[in-house]
Amino acid sequence: MAQTFPTKPVTIVVPFAAGGPTDVVARVIGEAMGRNLGQTVIIDNTTGAAGTIGVRKVVRAAPDGYTLSVGHLGTHVVNGAIYDKVGYNLVTDLEAIVMLPSNPMLVVSKNGLDTKDLKSFVAHVKANQDKLSVGTAGVGSASHIGGLAFQAATGTKLQFIPYRGTGPAMQDLIAGQIDAMIDQTSNAGPQVKAGKIRGYAVTAKVRSPATPDVPTVDEAGLPGMYVTIWHGLWAPKGTPAAVVARLNAAAQAALEDPAVKAKLADLGLDSPAPDQRSVEAMKAFHKAEADKWWPIIKAAGVKVE
Ligand code: MLT
């Protein structure tokens, strides 16, 4: 089977809503992977419970390489320390395929707040903590991790509103239904550039080329509040090594595709370095991230509200 793989379309399960940051990574990479594999790559948005429902669907799928799981630091590491009853282990019940691009986050608010920069936004948050609504994709999602980092850096307590992904949360932010978000650059950047929302800071040491006018957290007044969200692709445990290797080769080809590179750069997504693109590198990185984060999240007592 491994020699002829794939003989039919491959499905990538995105555990969040269409139009959001995980969906965008899956569609950009998946489309190019499909060209390399000679098969269509179908995107299946199975949403809910901060991505755990979509990940479980893949854990339980046949280990034949035709059903894959895309996700990030939240869905494939942090959730493992928060959701006790999901019935899977993120490290031992999945086969790593490849590391996918990463991006920092943007602290953003709806237009129309009486704020002009990060300092005045933080002052506004402090004065309105009980009523300021902050959109997330659920407890443990990337936007929630960003929110927790913001709370820790500012000594505030945010009112988190969970969505099935930050695609729909962003629509509500643009419409003024919620007040703020800490969301990935790939999702928030285009809206900041279009003037539909306000961007205060990027959670990285350097500005994002996708939003060069938005200062870093160091420049804007929350020094050191760095958050990077990396993505990855996995198959169910027991998928043959040759099939995993074929999928890894297709993903590596996608990352080298000039049109993919241009699209990722436009969205502020950084591709993994060449020595991080092997199956072994992703496997080791994923385990190291779980070993690093699980004790921290458990000790912090992050719970599903
Ligand atoms: C999404 O695709 O909606 C996001 O990755 C959600 C998040 O984790 O913040």
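Order of appearance sets the numbers: ligands from 1, and atoms from 1 within every ligand.
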Among protein heavy atoms, which lies nearest [atom], and at what distance?
atom                   : value
atom 3 (O) of ligand 1 : Thr166 N, 2.8 Å
atom 6 (C) of ligand 1 : Ala137 CB, 3.3 Å
atom 9 (O) of ligand 1 : Ser143 OG, 2.6 Å
atom 2 (O) of ligand 1 : Thr22 OG1, 2.8 Å
atom 4 (C) of ligand 1 : Pro21 CG, 3.5 Å

Please report the interatomic distance CG(Leu118) to CD(Glu219), rounded to the nearest 0.5 Å.
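Spacing of CG (Leu118) from CD (Glu219) equals 11.0 Å.
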What distance do Leu132 atom CG and His124 atom NE2 have between them, rounded to the nearest 0.5 Å?
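Nearest 0.5 Å value for the CG-NE2 distance: 5.0 Å.
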So for Gln184, does at least one of its heavy atoms come nearer than 4.0 angstrom to any atom of ligand 1?
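For ligand 1, residue contact (heavy atoms, under 4.0 Å) with Gln184 is present.
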Atoms of ligand 1 close to Ala142 [distance to a heavy atom under 4.0 angstrom, numbered from 1]:
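That gives atoms 7 (C), 8 (O), 9 (O) of ligand 1.
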Heavy-atom contacts with Gly165 under 4.0 Å: which atoms of ligand 1 show up? List them by number with element.
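So the answer, numbered in order with elements, is 3 (O).
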Which segment of His72 sits under 4.0 Å of ligand 1 when only heavy atoms are counted:
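Contact part for His72 vs ligand 1: side chain (C-beta onward).
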Would the Phe5 and Tyr66 ring centres measure less than 6.0 Å apart?
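Centroid distance Phe5-Tyr66: below 6.0 Å, so yes.
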Between Phe16 and His72, does the ring centroid distance fall short of 6.0 Å?
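For Phe16 and His72, the ring centres are under 6.0 Å apart.
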Side chains of residues 231-244: which donor-acceptor pairs under 3.5 Å do they make with residues two or more places apart or in other chains?
| from | atom 1 | to | atom 2 | distance (Å) |
| --- | --- | --- | --- | --- |
| His231 | ND1 | Pro101 | O | 2.7 |
| His231 | NE2 | Gln184 | OE1 | 3.4 |
| Trp234 | NE1 | His286 | ND1 | 3.2 |
| Thr239 | OG1 | Pro236 | O | 2.6 |

Would Ile178 and Val134 count as a side-chain contact (heavy atoms from CB on, under 4.5 Å) here? Give the steps.
CA-CA 6 Å; Ile178 54 173; Val134 177; over 6 Å; no
Hey, is Arg27 close enough to Glu31 for a salt bridge, meaning N to O under 4.0 Å?
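A salt bridge is absent here (no side-chain N lies under 4.0 Å from a carboxylate O).
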